[in-house]
Amino acid sequence: MSVKSSLTCLANTPFSYQVVVKSSALEQCAIDLSPTGSLKKSASSKLVIITDANVWKWHGHRLLSALEKAGAATPTPLVYILEPGEGSKSRATKEKVEDFMLSNRCLRDCFVLAFGGGVVGDLAGFVAATYMRGVPVIQLPTTLLAMVDSSVGGKTGLDTPAGKNLIGAFHQPRAVYADPTLLTTLPAREIANGMAEVVKCGLIADASLFELCELRADDILGKEIDSNILCDSATGRVLAFLDNSNKSDNGDKMLNSIVKTVKTRSLDLALVESLVHLACAVKVRVVSLDEREGGIRSTLNFGHTVGHGIEALMQPTLLHGECVAIGMVIEVEVSRALGHCETLLVARLKRVLSALKLPFRVPVDVSHGTGLQRCIDKMAIDKKNIASDSARVTRCVLLKSIGKVLEPPYTHAVQISLVMRLMSAAVSVRPSKTLALSSDIKTSSIVRAVTLHVPGSKSLSNRVLLLAALAKGTTVVRGLLHSDDTDVMLRCLSDIGAKAKYMEVDGKTLVEVTGTGGAFCLPPRNPAASGGLRHLYVQNAGTASRFLTAVLCLLPIPETNTSESEKTSLL
Ligand code: ADP
Ligand code: ZN
């Protein structure tokens with residue numbers, strides 16, 4: 001797929017800026033920062049590079065060389081290297097960076113260059129937003145997540161003990177440069193992490209992007225390979241990535257440098273470039289329509305209402321994109337449960353996430369015990385929720401089909417009870433200990449009551465009816481899905497000895513099934529059939545007939561001869 005290498009965000013506004021997506025975007029950034037470059041940085045204004053130790057080790061040399069080559073290295077760039085990780089998105093770090101800039105006499109004309117993942121981008125952006133009431137920031141993201149998400153759109157901020165991103169400002173960058181070659185040093189898990197947001201962009205606004213993710217899922221993460229690098233023996237910083245062919249040449253020539261073999265990734269750069277470009281195009285389009293999240297911008301939060309709740313409990317075990325992946329599945333399930341999209345969509349989403357090595361099931365720590373309630377509590381205080389009654393409803397973006405959300409008003413009130421049901425652990429049916437050990441089943445006082453809430457599904461309803469018919473004693477079934485299929489099941493079970501009747505309790509229709517303890521009887525003979533054949537008449541109830549076929553094996557063998565007339569069959 002061929003795509004243009006640059007997008008314009010907030011076109012026709014005073015804040016308009018370019019998002020450049022191409023393999024030499026880093027070098028382009030250096031050229032644009034030169035005194036004659038498009039960013040209009042004067043020859044005397046200072047450049048402050050904010051980065052983290054990993055990024056600097058891998059790619060710092062390349063950036064400094066590119067700035068040098070473009071004539072953008074005078075005055076000498078100032079470099080502030082953060083500790084990698086979310087911990088650096090703090091007030092304390094912001095203060096340190098500001099003090100560093102103040103002590104180096106950075107004035108209002110300085111430029112901040114955010115060179116790193118989302119942590120660096122958010123912090124550097126916020127520093128730039130408030131330093132001397134605002135200085136320009138250029139985003140040069142180095143993770144896929146930052147390329148497709150945090151670097152575009154002007155959101156900046158930091159975390160506090162009360163929650164993530166609670167302090168911050170909108171501060172649009174002067175330009176964004178996404179260079180996929182920087183991603184070859186990123187672990188596969190970090191690439192998958194960014195892919196969750198790419199899949200999200202496809203889901204909410206670009207069906208062809210979603211299809212590209214589906215089609216090429218196996219190629220996107222690339223392969224781990226051994227690469228030879230030349231690095232500074234004192235600092236460990238990478239000076240060059242070497243071909244195997246010139247390994248010894250370069251190694252011998254440079255003083256104080258050594259050649260090392262390290263693990264990197266071989267990526268299909270054209271593919272990654274297309275994905276980044278298409279995802280950024282969605283983000284650019286949405287942000288340009290709604291800069292401050294009053295309307296359509298909230299569609300970018302798809303998967304994030306639930307995702308943030310999960311993240312609050314699962315960080316640092318799960319990464320942001322991983323939590324969003326699970327959040328998307330639940331929010332698509334919510335959309336399906338409310339009748340807005342088809343079941344197939346849930347299956348397609350799970351499949352693509354699985355191919356991208358992203359999780360799609362709610363983690364046990366969230367679905368079991370007190371986890372779910374804690375997760376819901378975190379969802380309710382998420383600042384992105386503007387629910388009127390946060391105890392009972394939350395707000396979600398709902399999906400109509402791949403590439404289309406339900407609109408407007410883009411976020412919709414969703415009952416917390418529905419979200420909880422979709423997130424809770426699957427119903428498990430276990431033999432009751434008391435029941436299994438008891439020889440006298442009639443001693444009702446020792447038989448514990450079990451409450452089973454049946455979801456509205458034909459197949460589950462039929463399973464529950466069958467279990468009740470197999471059990472000893474009486475089972476009251478609530479919430480059964482009433483359909484021709486369940487009616488057929490009830491009639492057939494009655495025909496082989498289980499007793500079933502409908503009851504009205506508090507205006508609700510319940511079904512009471514008295515089980516056989518597994519001792520079914522033969523169905524009655526059909527007087528109309530030749531020879532009085534015994535059969536269970538299942539009409540065209542496919543689900544019921546599926547389960548009843550197995551039940552035939554449990555029917556008693558007639559004592560008389562096995563003539564044709566004594567056989568039992570489904571009709
Ligand atoms: P994000 O929020 O974008 O996922 P972070 O800023 O937390 O990202 O970065 C994730 C991790 O990846 C950090 O440890 C960071 O140092 C590291 N990292 C960022 N970019 C690269 C890169 N291009 N190569 C190797 N590691 C990187
Ligand atoms: Zn996100």
Side-chain angles (χ1 to χ4, degrees), residues 25-26 50-63 81-90 93 114-125 139-153 155-159 164-165 177-201 203-204 222 224 227 229 237-238 241 262-265 267 272 276 279 282-283 286 293 297-311 315-316 318-328 331 358 382 384 397:
L26 180 144
I50 302 179
T51 185
D52 81 21
N54 290 333
V55 175
W56 199 243
K57 181 189 84 182
W58 284 113
H59 304 290
H61 183 77
R62 175 174 164 199
L63 178 60
I81 303 173
L82 304 169
E83 289 263 319
E86 193 75 23
S88 285
K89 260 180 76 172
S90 67
T93 315
F115 186 42
V119 168
V120 169
D122 283 5
L123 184 85
Q139 295 283 353
L140 181 43
T142 63
T143 62
L144 182 58
L145 183 62
M147 286 182 192
V148 297
D149 196 30
S150 50
S151 65
V152 178
K155 279 194 186 174
T156 71
L158 44 83
D159 304 338
K164 287 183 65 179
N165 297 321
Y177 298 88
D179 188 332
T181 60
L182 293 165
L183 303 178
T184 55
T185 53
L186 210 57
R189 189 172 170 203
E190 292 287 348
I191 303 210
N193 189 33
M195 279 309 297
E197 300 278 357
V198 175
V199 168
K200 178 199 78 181
C201 289
L203 270 183
I204 59 167
E224 193 177 71
S227 288
I229 54 164
R237 265 172 54 199
V238 177
F241 289 84
V262 291
K263 301 281 180 210
T264 63
R265 299 202 79 68
L267 294 172
V272 177
V276 174
V282 169
K283 184 134 196 206
V286 168
E293 201 167 297
R297 187 164 178 161
S298 54
T299 59
L300 294 169
N301 289 337
F302 181 72
H304 284 63
T305 302
V306 174
H308 279 306
I310 296 175
E311 201 171 0
Q315 227 187 18
L318 290 184
L319 303 174
H320 174 74
E322 294 171 335
C323 298
V324 169
I326 303 165
M328 286 194 291
E331 292 183 25
L358 282 163
D382 184 338
K384 291 188 182 112
V397 175

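We count ligands from 1, going down the list as the structure has it; atoms in each ligand are counted the same way.
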Answer yes or no: is there a donor N or O on one side and an acceptor on the other, between the side chain of [X] and the main chain of [Y], under 3.5 Å?
{"X": "Asp179", "Y": "Ala25", "result": "yes"}
{"X": "Glu190", "Y": "Thr143", "result": "no"}
{"X": "Asp122", "Y": "Thr156", "result": "no"}
{"X": "Glu331", "Y": "Val306", "result": "yes"}

- prompt: Can you list the residues that meet the side chain to side chain contact (heavy atoms under 4.5 Å, CB included) rule with Val119, with sequence neighbours excluded?
  reply: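 Val119 satisfies side chain to side chain contact (heavy atoms under 4.5 Å, CB included) with Glu86, Ser88, Lys89 once adjacent residues are dropped.
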query: Taking only protein atoms, how many N, O or S atoms are found under 2.8 Å from the Zn ion (ligand 2)?
result: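 Protein N, O or S neighbours of the Zn ion (ligand 2) under 2.8 Å, waters not counted, come to 3.
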- request: With sequence neighbours left out, write down each residue that passes side chain to side chain donor-acceptor pair (under 3.5 Å) with Arg297, or none if nothing qualifies.
  value: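 If we apply the side chain to side chain donor-acceptor pair (under 3.5 Å) test to Arg297, skipping adjacent residues, there are no hits.
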Separation between [atom1] of [X] and [atom2] of [Y], rounded to the nearest 0.5 Å:
{"X": "His308", "Y": "His320", "atom1": "NE2", "atom2": "NE2", "result": "5.5 Å"}
{"X": "Arg62", "Y": "Leu182", "atom1": "CZ", "atom2": "CG", "result": "5.0 Å"}
{"X": "Lys283", "Y": "Ser151", "atom1": "NZ", "atom2": "OG", "result": "7.5 Å"}

message: Students should find this: residues with any non-hydrogen atom under 4.0 Å from ligand 1. What is the answer?
response: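 Residues Asp52, Asn54, Val55, Trp58, His59, Pro84, Gly117, Gly118, Val119, Thr142, Thr143, Leu145, Ala146, Leu182, Thr185, Leu186, Glu190, Asn193 each place a heavy atom under 4.0 Å from ligand 1, listed by chain and number.
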